[in-house]
Every structure is written in C-alpha cells, then in structure tokens.
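Written out below as structure tokens is the structure these notes cover.
When a ligand or atom number is given, it counts from 1 through the structure's own listing order. Because only heavy atoms are used, hydrogens play no part in the values below, and waters and symmetry mates are left out as well, while side chains stay in.
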Amino acid sequence: MASSSLIYETGLWKDLRAHVEDIKKTHLRELMSDTERCKSMMVEFDGILLDYSRQISNLDTVTKLYNLAEAAHLKEKINRMFNGERINSTENRPVLHIALRAPRDSVINSDGKNVVPDVWQVLDKIRDFSERVRSGAWVGATGKVLKDVIAIGIGGSFLGPLFVHTALQTDPEAIELARGRQLRFLANVDPIDVARNIGGLNPETTLVVVVSKTFTTAETMLNARTLREWISSALGPQAVTKHMVAVSTNLTLVEKFGIDPNNAFAFWDWVGGRYSVCSAVGVLPLSLQYGFSVVEKFLKGASSIDQHFKSAPFEKNLPVLLGLLSVWNVSFLGYPARAILPYSQALEKFAPHIQQVSMESNGKGVSIDGVPLPYETGEIDFGEPGTNGPTQLLPINSPGPCHTL
Ligand SMILES: O=P(O)(O)OC[C@H]1O[C@](O)(CO)[C@@H](O)[C@@H]1O
C-alpha cells in the first residue's frame, strides 16, 4: 500500500509554494510570448486537444507538479484502482467504473473474481431488451409499441445520462435512430416536473425506467410511486410489469416495489453513483432512445481514455494534466472556482455533470487518514454554454487562468 504520509510536509510541496511567488511576478502576456512553452502545453489524444498554455505556469511549474505526483505515488494509485483494490477506504470498496466499458475479453479482478463477464451479461441484456422495445416485439399492456421513455433518478443517476442524451441529440446518426421516440428525465419532486414529464405522453405507449443505485432515495421513490399510479390508474395495476423497469444494485427492493426482477438491470457497489453513466444507469435509457450500437460507441470512447489514463506518461496524459492543474490552481494559487464554458451547444449539460462528478469527490477538508488539511482541495465548478456563459458568469469572477479543450 502507498504511503499515506502528508504530501504538504514534503520539500516538493514547499518548493511549489515558494514557486507561487515567482510565477506571480510574471504576466501571462510574457508567458504566452515563449513559443517553446506554448508548444509544449498542447497535448492531444483521440482528437481531443488540451491547450493549457494560458495557465499561470511555466515549464518549471509543470516539472514540479510531475515530481509532486510521483511523490504522492500517483502512478501506483492509478494501478491500484485498475487492479480492483479497495481504494475507497471509507466504504471499503474497489472503484471500478472503468470495468463498465472494458472490452468483453478483458480481465478486471475484484476480490479475485473477473467482473467483466458480469458487466457484459447486463450489457447483452440491455441490448436485447432495448431492441425488443424499439422493434415492437415488447409492447405495453394494451398491445401498443412503447415509443416514449421517462427515466426517473437524481444526482449520479440522472446528470450523466442527461448530459450524454443532450449531446447525442445533435448527432446525425443518433437523430435518425431516435426518430419518433422521446426520452425524458424526471428528477425534481416538484409536481411541475412530473406534469412536464407526462405532458403529451400516453401511458399506453410509455415505458418508465426507475434508476437508483440504492432504491431508497426519497425523491426518486416518490416520483416512482407517482408514475406507478399514473400507469395503474390508466391501465390497471397489472400493467406495471409491462410499463416499468428498474436499474439498481438493490434488486430485493426493486421486486418489493412491484417491478418484475426479470426487468431489472443490475450494477454493482464498486460503481460510485456519480461515475455510473456507463452502467445500466445511462446505457439502458440511452439504448432505448438511440439503439445499443450508438451507446456502444460511447462506451468505446470512454474505454479508450481509460487506457490512455492508465498508460500514458504524465506529460502526455490528459486526465493527469487536468488533475495536476487543478491542484496548482486550487491548492497553490488559491483560485476557488472553475468556470466550464463549452462553446458546443451539444455539451450544454456538461457543466452540471462535472459539478456532480468533481464536487461530490473533491474538496475534502481532511486527508485520507482524517488529518485536517491547511489548504483547499477542490474547486467550485460552475458553467453555462458559451457564448452566453461568459457574459453571465465572467464579470463577477475576475479573469483567471484558462485552458481550452
Ligand atoms: O442512485 P441513488 O441511490 O438513488 O442515489 C442518487 C444520488 O444521490 C447521491 O447519493 C447524492 O447526490 C449520489 O451519489 C447519487 O448518485
């Protein structure tokens, strides 16, 4: 196990602290005039270009950050995650969302068991079910094709799928495959959200997917009961089995709710809710809307960046670079917030998804061993699509360092 000694007590941390004073004397204009510096601050992988040349940093800063990462045993920690070790020490669980998009023939062990066959068993079940619904082989209680889907869930059981759905809505292939179908998301307990979701839909042609890792989340269960009533009062209580399915790790509670366990799609406690978009949480509703083949491409993209994260050297590793720049900005330069301003409208829901993923993970006030930390460890994320976002958000936040993706 990696040492859990406090990183801020090392000489490397103190050196970076001292470096803050130096770098603050240099204007960004001056940093930008160094062509070599700017060239080395552009890194590309899989068609994604990360340009971090507008960060308040020079080549010395970046080298110091790599050294800090090594001292913190980052490489070893990445390997421990991929090896299925119980790195979630508070819940004593592995952190294996990377297994959700691993190729069928890969081996990822948790407690000595390869979890990839279980993952693909659920993916195959989703492919089969979504194809039957989309083709009309699976029909509602009155024999009509189910062309509309309402996914109920909150937090990680909502924001990831909503983000991907919004992005796919502008993809030509996905648009074609979704023709005549609707996917809606119900998250709020405000009755207006229920009314908006069911507005214009007919229970006879609607499938409801209840998405909850625990199947105990009060808001989700309230909305699930409301839509169960919407279906039962229109079509009779026996219609629930044809019109409601579930995604959960808690199949006992799914059955107790009245959903046929055969129509439940499992995932596992080694998937953190906020990282669950590649599990049935996202794959089921998205496959119902666009077909499994489209969603499989999304999984392949996620798997590709996983491999890059695992094997690329730090200086070419996009996730590592973004993480180190975050540490630099938050813990050393003292910038408390990060604006996420996607200029592609397809990424309209990217900021809320990252808010959940990042802020539910980072910003802890103590170390992994519970020692209070004398510095900030996470930023406040906020954002809106450009060109509107900057107009709204930047005036109050003085311009800070920026990187472009
Ligand atoms: O999927 P569940 O169990 O309904 O929980 C919903 C969400 O609530 C949280 O616990 C808090 O937002 C998230 O981690 C989770 O994604």
Can [X] and [Y] be counted as an ion pair, charged N to O under 4.0 angstrom?
{"X": "R104", "Y": "D124", "answer": "yes"}
{"X": "R132", "Y": "D128", "answer": "yes"}
{"X": "E176", "Y": "R179", "answer": "yes"}

Backbone or side-chain N or O of T220 under 3.5 Å from ligand 1 N or O: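 No, no N or O pair falls under 3.5 Å.
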Pair S367-D369, side-chain hydrogen bond (donor to acceptor under 3.5 Å, both in side chains): steps then yes or no: CA-CA 5 Å; S367 76; D369 299 320; 4.9 Å; no
More than 12 heavy atoms of other groups within 6.0 Å of K364 NZ: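 Yes, NZ of K364 has more than 12 neighbouring heavy atoms, counting only those of other groups under 6.0 Å.
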Heavy-atom nearest neighbour in the protein, as seen from [atom], with distance rounded to 0.1 Å:
{"atom": "atom 11 (C) of ligand 1", "result": "E360 OE2, 3.2 Å"}
{"atom": "atom 6 (C) of ligand 1", "result": "I154 O, 3.4 Å"}
{"atom": "atom 3 (O) of ligand 1", "result": "T214 OG1, 2.6 Å"}

S361 (side chain) donor-acceptor with V357 (main chain) under 3.5 angstrom: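 Side chain of S361 to backbone of V357, a donor-acceptor pair under 3.5 Å: yes, one is there.
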Atom indices of ligand 1 within 4.0 angstrom of T217 heavy atoms, with elements: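 Once the distances to T217 are compared, the set is 2 (P), 3 (O), 4 (O), 5 (O).
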For G156, the ligand 1 atoms whose distance to one of its heavy atoms is below 4.0 Å: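 By the 4.0 Å cutoff, the relevant atoms are 15 (C), 16 (O).
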Distance flag for atom 8 (O) of ligand 1, protein heavy atom under 4.0 Å: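 So far as the 4.0 Å threshold goes, atom 8 (O) of ligand 1 is out of reach of every protein heavy atom.
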